[in-house]
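One structure is given here, and the rest of the page talks about it.
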Amino acid sequence: MKPARFDYLRADSAEEAVLLLAQYGEDARILAGGQSLMAVLNMRFARPRALIDISRTPDLDFVRIENNHLVVGAATTQASVEWRKTLAEEVPLLALAFPHLGHFQTRNRGTVCGSIAHADPSAELPLVLVALGGSVVLRSSRCRRTLPAEEFFQGMLLTARQPDELIEAVRFPLRDAAFGYGFREVAMRHGDFALVAVAAVRNGKEAHLAVGGVADRPVATKLSGPQDEALNEFARSLAAQDDHHASAKYRRHLVRTLGKQLLA
Amino acid sequence: MKQDLHVPYVGRPLERFEDASLLTGRGRYADDLGAKPGTLHAAVLRSPYAHAELVSIEFSKALELPGVRTVVTGADAKAWAAPFVVGVKQPMEHWCIAVDRVRYVGEPVAVVVAEDRYAAEDALDAVKVEYRALPAVVDPEAAAAESAPVLHERVKSNVVSDRHFVYGDPDNAFERAAHRVKLKVRYPRNSCTPIECFVVLAEHSPGDGSYDVFSNFQGPFALHPVMSLALKLPGSKLRLRMPRDSGGSFGIKQGVFPYVVLMCLAARKARAPVKWVQDRLEHLLNSTSATNRVTTIEAAVERDGRITALSYDQLDDCGGYLRAPEPATLYRMHGALTGAYDIQHLKVRNRVVLTNKMPAGLNRGFGGPQVYYALERLVQRIAIELKLDPIEVYQRNFIRGFPYRAPAGALIDSGDYLAGMNLAADEGGLSELVSRRDKARAQGRLYGIGYAAIVEPSISNMGYISTVLTVPERAKAGPKNGAIASATVAVDALGSVSVNIDSVPQGQGHATVCAQVVADALGLKPSDIAVNVELDTQKDAWSIAAGNYSSRFAGAVAGSVHLAAMKIRSKLARLAASQSSTPEKDIVFADGKVSGLPFNRLAGTFHWAPGTVSEPGLRETVQWTPQELAAPDEQERINSSLAYGFAFDICGLEIDRNTGKVSIDRYITAHDAGRLLNPALADGQIRGAFAQSLGAALMEEFAYSAEGALLSGTFADYLPPTAMEVPEPVILHMQTPSPFTPLGAKGLGEGNSMSTPVCIANAIADALGDAVQPEDIVLPLTPSKIVGLLGVPDPESKSPLKAAPGLAMAAAVDLSAPPEAVYRVLLDPVQLAKVIPGCHALERIADNRYRADVTLGVGLIKARYAAEVELSELDPPRSLRLSGRGAGPLGTAEGSGRLTLEPLDGGTRLTYDYRVAVGGKIAAVGARMLEGAAKIVLAQLFQQLGRQARGDARPSFWKRVLKR
């Protein structure tokens, strides 16, 4: 469990980070909190030629309210968002999801954007971003573009990020007073990746449900028609698979029951 | 008298002396201790195959890499070592490293020795191993079948031991029984996972051919001869030293011994000291685990619930090799198979089967969890089938009158089982749990109560393992028995006391208890006593029973310390009597004085004026073995342990119908472990065993694929509970001293490993009720499994087109090129190379067979494979089969899919099914990702196939086709 040799490069600014990315492209990986990357490196599942460390890049460490969004920079840890005093009013769904996200020790190191970049289908932050219809700001030396979360996540650990792009920030829409928010998760242990996580956003007229841990990416849907049937159609559409922790049937069951609890 | 007024330290909940250094980061663990300058570091190349022939190992490229000193393979083992001795008489060989064949994923195949661990791991990739894969077998019953692939060919079967035992007249009892209650259970593979993994530091001395090894080995030291014989050395030339502190073991560190031998060979070949520190991946893949066992158990029962006979059919799965001390798991409980019950008739069939999994070995509870899972599930079934309260079944069957000779030979030393059960029920509040259950059930909630009564053996009879041999085989081998423990107490010239023991503690606090014991014997304070728990086989007293296992410390080791201290005491008393007018028998040791004489002055006399004492020297070593532990007799009776404690557990829990999650309402555990030497440490042992067993009951399992790949190679997939998942149990004690141990103490560290898994399973079975088949209560009872047992509805989709395909691993894709064009791409190696995702090179071996160099991966995870690709079952342009198999540093991958092409609007509808199997490291870590990865790779493949086939229109291609 020792990583293969790599070059370590520390970016002092976002600009430097994207220039380094442009230079190394696919051979480089961004190191932020390292909560997924270091394990992958130590197990030699990835052998990038260079790591570009942005964990001490000042202009990437920010949380700000901008155009009705909570915008979180690439170097910002999960803990510093979690402990934001106004988070429950700003993005209630995030506040509900954080306690499920690893452990406070991992949240002290792990970054919000890092979790989004890793795109684990069972992770909570990608699910919240999809449930809220948030977006991802990608920056390269060529341009800056913003992608809706549903376009950004493309599959198991796969995203629309190009090799020379840095996830500069993610944008969570602020609370809409007309809506209520809910989050439920079942994991084997406290802090584990979700077997199934469900986020709900609803007002009197409509309900949106998003599910993580079942399909190869978080999936959101607007429910319509009779609730039980709609939930079952949604659960069935996610093509759940068996693994040694949980059967596909169990995952469908959780989508239905957690969904029902959230919509009750 | 003053001595009588003195409250003994033994029995007090003293804080641990060990903690001050451990809690301030000053522990001295194996990896912390310095290595000599010039020490090299080892990395182990492991088999990605569960079963394969080793065709060749080529490592010349590895030797060329910077910092690499040498590579060790099975050839070196053959030259310098011998296979390990095996516990049954069968023609099978187990070496410290694979020779000719691998039999489980993770088996060592080569060791790279380099100047640091990074360089060593870099070089692993440069060692090229050619395997010829063989069919693997994982399930014990399948492995026992005649048609199964055989692991050790010369044995001609995977069943390496099959023994029948009859005690009393069980057939008659079954015939006459009013009821027969039968149950088949499966106990899974799991282990108690220590925080600290294996460490070996080995040095070879070419002058005399000896080895000096420093390792966190925990014993039993019966393995020292096993290691010496494997190294073809007299035992005196294998010096084994153990560190003071341990990051836990729970039996697991017994499994380091093959690596001691392997690293000795590495040090010899490298001509330098070699250090190897096992990492977590290696640990979970290849340390050891409890055996998994299939048991069919049956009871002959009277109308009132009294059990008259028991029958066990046990099939114990020891993995790829029968590694010492296996098949001991199957025999550790043998004398006490009738448990806490007075049952006179017993029938046993014991089979040991080998499968393509990591070798089994010591693990907390060792044999107990497997036996009691069958026996205590059966007691619940008896209560249900006879419509009795389980408490009544216990009352009718408990042993009453001690010592009690069980039919298979256990001499149960002492106890009061009824009182133990009543303690749990009354003090623990059983009636409250029963009313909570009534209330919950009335509300339609799933609440259950489970029980378990267990006899907890401690201080193993070293002869019990020989029960596996037949009577004539045993006669030929000579008797094996006893449980020899060693302890030394010494007093120096200043009167300060030091103690050495052979128990090699792994965090239990033995030093504290030894200090308490010696302080009482010599009238001193525990803080006056220095206890050194490091063991050096060249300098310290030890014998084959030494080590940290079978809960031997309190009964045997602390007892030996007491005996050694009492020898010192009588020498001092004799001198004190000679210096005063007090008779020797009236000499009092208290408060640092010996009948008024200062202890240190009296002790100093033995050093400063040895001529004045009758027997010089104040260093006493006691090697004690109990007389009650005889070898198995001609009727195959064996008193398998010296002391037998008792535990009665009650668990009340509730199951969430929606999630299948279990929440423990209350867990009551009442213990009788004889005299408690330190109740605080006793409670710590109970809490630890309880936590680990809660994991075994609800979460933990070494899961293997059908091909033998371990799927739980990290703590993301192998799930020990954390503090958040473990409730505080209600711990109760009673103390019935053992008449057979010097201090009356018995072991208690393994009781909950034996009682808790089945107690929780019984509570879950009670909560789920009659609808669930008893055989379906299989550990670990995960939420998914429980919801499966609840039989929740899983309606199909109303719109089948949108739904996931019924056969999960099949799909269709539409390509714009016609079938003929698509088919041609597949048959053309140049184009095929472009279609296979991540293909760097494709080289033809035969018609439609290619050697390929491919990188496959998902997201940032990438693995390079040397692969073979084959097209078969050709039916142009309608269908074919595309198969590939490859191996690389991250493991093996194998896949096969049938492709069917149908014309569709000028293009092609390609339907396919596929099967993917992944082995080695990537399977152990990335199980959760595999399905997604396969899909992505296939999607890339078909996308590229479509693109390439559309390109058919390009003239260059047509020209090439026409030229053929």
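Computed from heavy atoms alone, side chains included, the values below leave out hydrogens, waters and symmetry copies. Numbers restart at 1 for each chain; the letters A, B, ... are given by sequence-line order, proteins then strands.
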Atom CD of A/E26: over 12 foreign heavy atoms under 6.0 Å: no

Proximity breakdown for A/A187 and chain B, heavy-atom pairs closer than 4.5 Å: backbone

Side-chain (A/R189) to main-chain (B/P720) donor-acceptor, under 3.5 angstrom: yes

Interchain contact, B/E121 with chain A, by part (heavy-atom threshold 4.5 Å): both

Separation between CZ of A/R47 and CG of B/D122, rounded to the nearest 0.5 Å: 7.5 Å

Residue selection (most heavy-atom pairs with chain A, distance under 4.5 Å) from B/R657, B/M699, B/E282: B/M699

side-chain contact (heavy atoms from CB on, under 4.5 Å) evaluation trace for B/D279 with A/N42: CA-CA 10 Å; B/D279 63 38; A/N42 285 341; over 6 Å; no

Chain B contact via A/P48 - side chain, backbone, both or neither, heavy atoms under 4.5 Å: neither

Minimum-distance pair of heavy atoms, taken over all atoms of B/K798 and A/E233: N-OE2, 2.7 Å

Options A/L158, A/N232, A/L254, ranked by heavy-atom pairs under 4.5 Å with chain B, top entry: A/N232

Point-to-point distance, once rounded to the nearest 0.5 Å, from CZ of A/R184 to OG1 of B/T659: 10.0 Å

Rounded distance (nearest 0.5 Å) linking atom NE2 of A/H245 with atom CD of B/E701: 10.5 Å

A/Q154 versus chain B, the contacting section by heavy-atom distance below 4.5 Å: neither

Top contributor to chain A contacts, counting heavy-atom pairs under 4.5 Å, from B/A863, B/G788, B/P783, B/A703: B/P783

Minimal non-hydrogen separation, A/A46 against B/L860, with atom names: CB-O, 3.1 Å

Partner chain B: residue of A/E229, A/R44, A/K260 with the largest heavy-atom pair count (under 4.5 Å): A/R44

Contacting moiety of A/H253, where chain B heavy atoms sit under 4.5 Å: side chain

CE-CD1 distance between A/M156 and B/I861, expressed to the nearest 0.5 angstrom: 9.5 Å

B/D794 bridged to A/R252 by N-O distance under 4.0 Å: yes

Spacing of B/T722 atom OG1 and A/D192 atom CG [to the nearest 0.5 Å]: 8.0 Å

Contact origin within B/K785 toward chain A - heavy atom pairs under 4.5 Å: neither

A/F104 atom CZ, over 12 foreign heavy atoms within 6.0 Å: no

Toward chain A, the part of B/P780 with a non-hydrogen atom under 4.5 Å: neither

Taking every non-hydrogen atom, the tightest pair across A/T257 and B/N658: OG1-O, 3.6 Å

Closest non-hydrogen atom pair between A/S247 and B/S784, with its separation: N-OG, 2.9 Å

Beyond-backbone contact of B/S712 with A/H244, side-chain heavy atoms, under 4.5 angstrom: yes

Portion of B/M724 that has a non-hydrogen atom of chain A nearer than 4.5 angstrom: side chain

B/L698 versus A/M188, closest heavy-atom pair with distance: O-CE, 4.2 Å

Nearest atoms (heavy-atom pairs only) where B/L890 meets A/M43: CD2-O, 3.9 Å

Note: A/R236-B/E796 ion pair, threshold 4.0 Å (strictly below): yes

